[in-house]
Chemist: 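After the structure tokens below, expect a handful of questions from me.
Just follow the structure's listing: the first ligand is 1, and inside any ligand the first atom is 1. What you see is a predicted model; the values in this text were computed from it and never measured.
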Amino acid sequence: MGNNQSEREYEEIRLKQTISLAEEQLKQAKEAAEKKKSQIIEAKKEVRENATHSVTNLYTSDGFEALVELSQYMNPVTDKIVDYEEEEHRILLLENMIKSPYFARIDFKFDDEEECEKIYIGRSSLRKNSYQEMYVYDWRSPIASIFYRFMKGEAFYDAPCGRVTGELKLKRQYEIKNGVLKYFFDTDVQIVDEFLRQLLSQNTTAKMKAIVETIQQEQDAVIRDMENDLLMVQGVAGSGKTSIALHRAAYLMYQGLQTKLSANNIMIISPNTIFEQYISNVLPELGEDNVISVVFEDILKMLLKGRKIQSKNDFLEKIIAPSQYKKIYKDSIEFKASKLFGEILDKFIYDIPCQWIEFDDVYYEGTCVVNRQTLQDKILGRTETPLGIKLEQLEDYILELIFGTGKGRGHKAEKNLVKQEIQKFIKIDIFELYKTLFSNESYFFSLLQNNNSSESIKEIREYTKENLEAGCIYYDDAIAMLYLYLKIYGTNEYKNIKQVVIDEAQDYYPLQYEIFGLLFPNAKFTILGDMKQTLAKKEDISFYEEIHKILNKKKSSLIVLNKSFRCTNEILNFSLKFIEQSPQIKSFNRKGDSPEVFIADNSEVFIDKIVEEVKSCQEKGLQSIGLICKTENNSICLYNKIKHKLDIQIIRNGSAAELQGVFIIPVYMSKGLEFDAVLICDADNQNYYDEDDKNLLYVACTRALHRLSLFCEKEVSPLIYATSKHTKLAQTE
Ligand SMILES: Nc1ncnc2c1ncn2[C@@H]1O[C@H](COP(=O)(O)OP(=O)(O)OP(=O)(O)O)[C@@H](O)[C@H]1O
């Protein structure tokens, strides 16, 4: 990539200047950090000396004053620690800046100026202190959006003061490694695609990477959106949804500098812990703190504490594994996590005070203090307060009637006795309550009214009743119980969350979206999914309309991404045959080997072929090789047959040491991940045969970046056979 000599010289000088400015600032930052560190040590010493006095006196002198005194010493220490941490963060940014200060430049002529301004864009900003002269602009700054959105010609960006217009004269990209300018190129020579192609041709790593240098225009629109309270993204496999989600989180933090939106106010809902592990590097790479990431299952466990709940993996295993019960499992979650069931639960909650709580007259020392009717009336009034809270307030009310107000009135032991009596009717056990609903057949169907009393619902009720009576809480029941809990008690757990990002959104059911609305009442939502990558359910574009209705946000928008960056042309075309094709889906035009299907007539040949393929991938330099099976059971079976022949790990119970090397993984755990090579190892007619299996095959195939092959013993899946146009069916060996 030859560059004009004087331009090259100019860029070399500019790079040197930038690096030396960064070095100068790094030196200052290190000195400042050292100073702050000694101040903290000094301040801590002071606290120790003075606080000893306060603490030892805590019980003898006025405790409150002692505490105030202590906090007077502690607050400055805490402030200093925060300052120090900020300085450390700055040091990290500057160290990265010295290695690679920027990746792009735009020359922009503002409409009201004569001269062009050279704007250098990097992962963070650098300004010369005294003159406030910007050496490098953060990629998230308003002006940097021009780089992502425009080619040469008229351009604009939206700044806090309004729209700024001008002309984009030059767009340049750099490759700078360890402070050395490797090359640069101007994008009007149409090299940008080639640059991205090279990038996408590389092998994947155990952790997801940042993509700031090559964010595409349509991706940038999602990352920078500040208009919508609910932003939904439907994107094909590999279109960058997860990458966008994380860059958006970084952007929101940058935007939130003024509004004090920090990593603590953003939450990512991830499909599983392996995925959490996979994405954990992106934000730190962008110089940001990691945001809080949770898996829905953890929320269930946290709020329904004390009960053993079926794990999501066990549930998925059951719902996708071939079995005679598959239908009831599917029908069950579809009903219990539906909006209709949410409405049934609402009616149930409404009926609880009248029908399902037995209020008692309260007696104290032989006198009726308050009768059951008064208690019930108190609960039926003030409809805006959640039922559980109203019941808890009843306890205070009764205690007050008996012992009066003011501290210390009433003997503690006596009070406890009365409390125990009250608890009998104010304490709600969510599990027992939920069981009640399913145990009372006529009541259950009265709530359904005309909606549905089909055979399938009857079966679901019976099945659920039996499970609950046996003390089993299946995953779908836990979802419904969480909804009940939140409607009855509410929660303040996530009140501070201002932005929620939900990835793999297609796998959540309507009731889970109701739950998200209840959990995050003050949040805006970014929801990213692919309706073709569902597990054991069917979705179409109306899915997003339903989410919109449930979350009921003022401003919302749906963005569709149709370009896949992950797979080669051949892999994407092969994968698309498993889903109803949308003609708009495109790949990033990267070429590779055609996927192959191997059919073996005995187990030995089958395993040998897989081992041969793994070795061949390794010889080609492919680093992460995923052997995908439909279920955990199939994975274990394969692992036992192959572990003596290969250095291989199995991913079970959502745990993985490193997503590098060769491993076996069930398809539902591979969601969101990617591997250099994918081997689908149970592509037979016993495993993949129905409509749901098509989606699973689509998910499994689209995990591959460079190479895909499918293996089966004996009978190949009819779904694969039907798409075998592009595959070579190897002769049985
Ligand atoms: N603009 C881009 N520049 C470089 N790489 C990109 C870009 N967009 C996406 N990629 C790469 O494409 C791959 C797929 O991205 P990502 O995992 O975010 O897609 P996805 O839509 O979440 O996929 P899926 O739904 O299949 O899990 C990743 O390797 C990512 O780094």
Side-chain angles (χ1 to χ4, degrees), residues 103-104 139 147-149 173 192-223 232-249 268 270-272 274-275 278-279 281-283 285-286 501-507 526-535 539 559-568 571-572 575-576 578-579 585-590 623-624 626 628 659 665 667-676 678 695-706 708:
F103 56 84
W139 65 278
F147 169 71
Y148 297 109
R149 294 187 176 185
Q173 274 187 263
V192 69
D193 272 9
E194 191 46 45
F195 178 66
L196 184 49
R197 188 167 297 115
Q198 274 183 29
L199 208 73
L200 296 171
S201 305
Q202 291 170 6
N203 284 339
T204 186
T205 52
K207 303 263 176 170
M208 189 173 215
K209 289 177 294 198
I211 56 159
V212 282
E213 288 86 353
T214 49
I215 291 171
Q216 303 293 290
Q217 190 182 17
E218 60 279 17
Q219 297 177 325
D220 183 69
V222 180
I223 293 169
M232 295 177 286
V233 180
Q234 158 56 40
V236 293
S239 54
K241 296 182 294 296
T242 305
S243 312
I244 292 172
L246 295 163
H247 287 73
R248 177 160 171 75
I268 294 196
S270 296
N272 56 49
I274 295 188
F275 180 86
Y278 170 61
I279 63 171
N281 260 27
V282 178
L283 284 164
E285 238 188 74
L286 293 172
V501 179
I502 304 180
D503 205 353
E504 300 288 337
Q506 72 283 352
D507 286 334
T526 307
I527 288 183
L528 310 103
D530 178 6
M531 59 216 181
K532 300 291 180 197
Q533 292 188 62
T534 46
L535 293 174
E539 293 297 355
I559 294 176
V560 177
L561 301 176
N562 274 326
K563 197 178 207 175
S564 175
F565 294 89
R566 179 184 295 127
C567 318
T568 58
I571 294 175
L572 189 72
S575 313
L576 287 176
F578 298 117
I579 58 168
I585 300 180
K586 293 185 215 93
S587 73
F588 186 79
N589 202 15
R590 197 164 59 79
Q623 283 164 15
S624 73
I628 300 184
L659 288 171
I665 186 167
V667 62
Y668 54 84
M669 267 193 232
S670 74
K671 299 204 87 192
L673 309 180
E674 62 185 26
F675 316 112
D676 291 329
V678 165
N695 284 20
L696 292 181
L697 282 171
Y698 177 65
V699 172
C701 293
T702 53
R703 300 307 94 205
L705 272 81
H706 310 301
L708 171 67

Chemist: Under 3.5 Å, side chain of Glu285 to main-chain N/O of Ala210, donor-acceptor pair present?
Modeler: yes
Chemist: My understanding is that only residues two or more places apart in sequence, or in another chain, count here; which of them pass side chain to side chain donor-acceptor pair (under 3.5 Å) with Thr702?
Modeler: none
Chemist: Taking NZ, NE, NH1 and NH2 as the nitrogens, is one of them in Glu674 or Arg703 under 4.0 Å from a carboxylate oxygen of the other?
Modeler: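 Looking at Arg703 together with Glu674, the answer is no, because their closest N to O distance does not fall below 4.0 Å.
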Chemist: Evaluate the ring planes of Trp139 and Tyr148, with Trp represented by its six-membered ring, and classify them as parallel (under 30°), tilted (30 to 60°) or perpendicular (over 60°).
Modeler: perpendicular
Chemist: Residues around ligand 1, heavy atom under 4.0 Å from any ligand atom, sorted by chain and number. Can you pull those?
Modeler: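 Ligand 1 pocket, heavy atoms under 4.0 Å: Leu196, Leu200, Met208, Ile211, Thr214, Ile215, Gln216, Gln219, Val236, Ala237, Gly238, Ser239, Gly240, Lys241, Thr242, Ser243, Glu504, Gln533, Phe565, Arg566, Gly672, Glu674, Arg703.
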Chemist: So, are Asp503 and Lys241 salt-bridged, with charged N and O less than 4.0 Å apart?
Modeler: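 Salt bridge flag = no for Lys241 with Asp503.
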Chemist: Using only atom types and a distance under 3.5 Å, with no angle test, would you say the side chain of His247 pairs donor to acceptor with the backbone of Gln219?
Modeler: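 No; judged by distance alone, with no hydrogens or angles, the pair does not exist.
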